Amino acid sequence: MEIIIVILSSFVIAFISPLIYRIFKHLTGWVLSLVPLALFIYFATYLPQICAEECRTFAFVYHWVPSFGIDLSFYLDGIALIFSLIITLIGAFVVLYGGEYLRNHQHINRFFMYIFLFMGSMIGVVLSSNLITIFIFWELTSFSSYLLIGFNNERAESRYAALQALLITGIGGLALLAGFILLGQMGGSYEITELLTRGHLIRAHSFYLPALILILIGAFTKSAQVPFHFWLPSAMEAPTPVSTYLHSATMVKAGVYLLARLNPMLGDTQAWHDIITIAGTLTMLVGALIAVSQTDLKKILAYTTISALGMLMLLVGVGTVLAIKAAMVFLLVHSLYKGGLFMVAGAIDHSAGTRDITRLSGLWRMMPLVTIAAALAAFSMSGFPPLLGFVGKELIYSAKLQAPNASVILLISGIIANAVNVAAAMMTGIRPFWGKTHHAKCKHIHKVHTALWLGPMLMALLGLIFGLIPNLISMPLISPAVSSITGSQVVFNLQTWHGINLVFLFSIITFILGLMFFFSRNRWRKISTYLMFLKPLYPSQIYEKGLHGLLSLAKWQTKVLQNGYQRFYLITIVCFIVLMGGIQLVRLGGLPDSISFAGVKSFEIGLVLLMALAALAAILSKKRIAAVVSLGVLGYGVALIFVLFGAPDLAMTQILIETLTVIIFVLVIYHLPSFKNFSHRGVRIRDAIISVLAGIMMTFFVLLSINLQLAPTISAYYDENSVILAHGRNIVNVILVDFRGLDTMGEITVLAVAAIGVFALLKLKSKDH
Amino acid sequence: MIIERAAYISMVIMTISLFIAFLRLVKGPSTPDRIVALDLITMLTLGMILAYCMLTGQFVYLNTTIILALITFLGTVAYARYLEKRVL
Amino acid sequence: MIEWFVAILLVSGAIFMLLAAVGVLRFPDLFSRMHATTKASSFGAGLMLLSVILHVQELFIILEAMIVLIFIFLTAPVASHMIGRAAYFLQVPLWKGTIIDELHDRYNLHNHTLASESPDSATD
Amino acid sequence: MRSLILRTAARQLLPIFIIISIIIMLRGHNAPGGGFIGGLIAASAYILYDIAYGVVDARRVLRMDPLYLIGLGLACALGSGIPSFLIDSPFTAQEWITFTIPFYGKFAVTSPLVFDLGVYLTVIGVLLTIVFSLAEE
């Protein structure tokens, strides 16, 4: 039961945070960060239960839409726990950091609201065990990321970046929904707990491939894999706390989480391994190569995040127990050091005013504590021995060594990516701090507030502690997570030092390569300028062109269809009906053979003939008033037909309406231009053909419908109980008022709106000019 | 029985006169001619409804004739007003 | 016996309608045509209504028929009067054979006001 | 320009039209008629008056702006649904409260009547709004 409270609590806090801000002003950061801390402790209490041998899980179900089998069901197991711990821990630091970082921003209360909205939806994604609920929270994360990226909305770039992120993750979300529905069809239910047992059924199903591709699109767009990666660097427009939280630690990992969660059902097929591994390696390499040539602190971190995500995807793709273990450890490590480095970058930006690493140097005198935190995080990122990063890297290399196929390529690309990691760590974590401080380059540097360095320091320390004693996290955290993904019971322990062996050799190579990358970074920047000619191929350009293309298509289509010509609308409508009706008529074998003229009386034929003549006269008349008069004759003819076929009500209404139309016509005619023939012969012939066709088609329909007995006529129903139920013998009125009262209500409202429309048009127009 | 046949005959007569009146309406040189013809057509419609009542023996249509008698004069007056206004 | 009488009334009503139609068709100018439409048709309708009244027993139906009769005789003249006025203002051509046009000098063509309306003229 | 004959006719016919329209509206449930047709007749009565006397006098005779009529009509129509709220039946299902007046026999105050009245007033309001605003043009 408490899981619902946990999820709802962050949403509730989100909506009252502006109020809390008004009370606590600058201390809100500290106060509000207690909430995620409390959630962290709450989740930590599950650690002992989760890691016990039988790995008990906790579920809560609330039936939301039973007819579709969608219910808000939540399910806490190993992987859900590790993610929620990361989310809540980093959430606490981010809220604390954000409170200080955006201290004098005028919309800071909105910041808290959006952050908690995001945290709630992120926990929702991680905990829910119904596919549709996952999708809902998934879309909520995209939504809150849109709000957060576009936080300082007065800048055009952040609005553009926010929209770009929303569109791409949105499209991914749609694909994901389609994939989930297919998956639901295959597995028979939307509940993950049930789907877990039906893995073989799903894999053999014909829908398997489309569902897989759709879900992968959803995951890849969210985790910024290669073709869809460009929204992440541009999302750096968001304030740094947002980048720390969403775009490095939690949101972008949702894709990895999803694939890990669906691994028991969809995994272990050739398609699964190939696609994910290829995408992962590609992303890893692309992210790494671009990262080297960047100059902006946050851009470097963004691209290295993309490369790290690629690495995670790759490990999930490989799918062996060792690879999953490496992925989990790396997940934790990456969140810690990347979060720390982002916060450091924020601190530098906040105090030194610039993020351009070429101009930053010798900051250690101004902010010693930040320097220590940055150094620790950087060493963890580059995989220096005592830190958890080293453990992670070792595991990754050993996992790649034992990868079933193409392990050599994986290994090489892994080494390159890690080398770039080392270089990036040097560039962001260490270079800006040592060296002489030349004041000319950066304007005055003011002291860094405690909140700004507390977050990165704690995270870096955690990295160090976990590095030194890995068993702290291996038993309670990593093994249950791995067992829930691979579906088999796995218990193992980690140690920092495996001794000198092949894997350690690779670490040294990586380290040396990294240093080379670092010292040759200027040359890399020149090389990247040469690659400019490839620009049109960049996915961001394709996105750009696609968007413009879509907009221009929409503009063109509206111009064509809505060109303001009333006659054009009529023609399109009539032609469409004639076409559709005609095809259907031909298909159903044309006219019914039995057209009997038995019951028709002579004067009825005469009347109908007269009406036809009147209609013709209305068309051919030279003067507008003559046309109106002949229309009048047509109207009275129709009224007469109503009488001849026993409908006095209708006849009365027809007569009244006929006369009132004449009255309104007369009032309006005075302003209408006289009947100059605007259209030349061709147009008139075309119109004639269309109208004749429509006429013929309509007569066919009427003839067909006479002897077509679709359903027992409803008049029988109204007949016998119009008196009993509604105490009225005049069935027409009884229907109008009682049985279908709501329709009449609608009709008179429509009438009222029409009258107000006319009134507005006439009255307001005459006033202003 | 005689009444049904009489009603039938008058219905036929009325249809013929409808055609004749329509002829005037189409031919009518000036607009007032057309309006006069329309007036006659409405009166003929009224006549036909009456004949039909006699034919079927159901006199529920008399309500329709009341409305017809009252309202058509309104149409003619509206036309007349339009013609006068146009002249000014 | 009464049935015969009702039938004759009905058919004669229809015939009068026919006469009205023929009149409208053949009369030379508008104003003579108006005679036909108003007088002949309302008389025809009157005859038919009379036949209905005679044929029917219930009181309500007779009452309704009477109302229709009254309304016809009430509204038809007003309608044709209005049309005649409008037509005269439009200077619809009179039949060449007309002997006297009494309204001629009382209606001044320029400001389209009838002598009877203008305040100064003595109401004769 | 206004013809005296039309003016007197209009003044005399107005009450007759209104009476007929109310009759038709009231007996709508059993015989041909109903709120809609009643509304049309009443509206045409006032239009006749407008043709004869002009818009200003017509509005004066109506004594109420037609827009209010629309509002009133819609309110009545909605109001007729309220009793069915109390008795928890479908929204526009009609409720019948019948009681007997000594000499008249069974007399039923019905919510369809109120609903019909709503339709009646709305139709009058709609038509008169349109015609009057056109006429004032």
Side-chain angles (χ1 to χ4, degrees), chain B residues 3-4 7 10-11 14 18 21 25 28-88, chain D residues 1-58 120 123-124 127-128 130-132 134-137:
Chain B
I3 291 184
E4 275 73 24
S10 47
M11 284 288 260
M14 229 104 47
L18 261 174
L25 188 134
S30 70
T31 316
D33 291 307
R34 291 203 174 84
I35 299 167
V36 161
L38 180 70
D39 203 5
L40 177 61
I41 286 174
T42 24
M43 209 51 93
L44 285 168
T45 329
L46 189 128
M48 281 189 84
I49 297 174
L50 287 174
Y52 188 70
C53 285
M54 295 295 276
L55 187 68
T56 53
Q58 272 182 347
F59 289 90
V60 79
Y61 301 115
L62 282 180
N63 311 321
T64 325
T65 49
I66 294 177
I67 303 293
L68 199 57
L70 267 176
I71 293 302
T72 50
F73 123 89
L74 202 63
T76 330
V77 164
Y79 279 121
R81 179 175 174 220
Y82 159 70
L83 290 174
E84 278 171 35
K85 220 159 94 169
R86 212 156 58 100
V87 155
L88 288 177
Chain D
M1 218 288 276
R2 289 282 177 280
S3 101
L4 195 61
I5 301 167
L6 184 67
R7 289 199 165 191
T8 44
R11 202 168 341 90
Q12 306 310 335
L13 277 177
L14 186 68
I16 298 172
F17 267 62
I18 304 244
I19 294 162
I20 289 182
S21 78
I22 290 170
I23 293 168
I24 285 189
M25 200 267 285
L26 284 180
R27 67 175 184 160
H29 227 43
N30 303 328
F36 195 70
I37 297 171
L40 289 175
I41 298 167
S44 46
Y46 281 100
I47 291 168
L48 173 65
Y49 203 85
D50 156 51
I51 293 177
Y53 284 86
V55 182
V56 177
D57 298 323
Y120 179 75
V123 165
I124 298 175
L127 276 167
L128 291 186
I130 295 176
V131 170
F132 282 175
L134 273 172
E136 274 156 7
E137 188 51 28

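In the text below, chain A, chain B and the rest are named by the order of the sequence lines, each starting its count at 1. Just so it is clear, the values below take in all heavy atoms, side chains as well, and ignore hydrogens, waters and symmetry mates. No experiment lies behind these values; they were computed from the predicted model shown.
Proximity to chain D at a heavy-atom threshold of 4.5 Å picks out nothing from residues 38-52 of chain B.
Only the side chain of D/Leu13 comes within contact range of chain B, with at least one heavy atom under 4.5 Å from a heavy atom of that chain. For a residue to count as touching a neighbouring chain, one of its non-hydrogen atoms must lie under 4.5 Å from one of that chain's; by this rule D/Leu6 touches chain B with the side chain only. Contact of B/Ala78 with chain D is made through backbone and side chain together, with heavy-atom distances under 4.5 Å.
For the pair B/Asn63/D/Ile24, no side-chain contact is recorded, criterion being any heavy-atom separation below 4.5 Å from C-beta on.
Interface summary for chain D: among B/Val77, B/Ile67, B/Leu74, the most heavy-atom pairs under 4.5 angstrom belong to B/Leu74.
Distance check: D/Asp50 CG to B/Arg81 CZ gives 5.5 Å after rounding to the nearest 0.5 Å. Once rounded to the nearest 0.5 Å, the distance linking CD1 of B/Ile66 with CD1 of D/Ile20 reads 6.5 Å.
The two atoms that bring B/Ile71 and D/Ser44 nearest to each other are CD1-OG, 3.5 Å, heavy atoms only.
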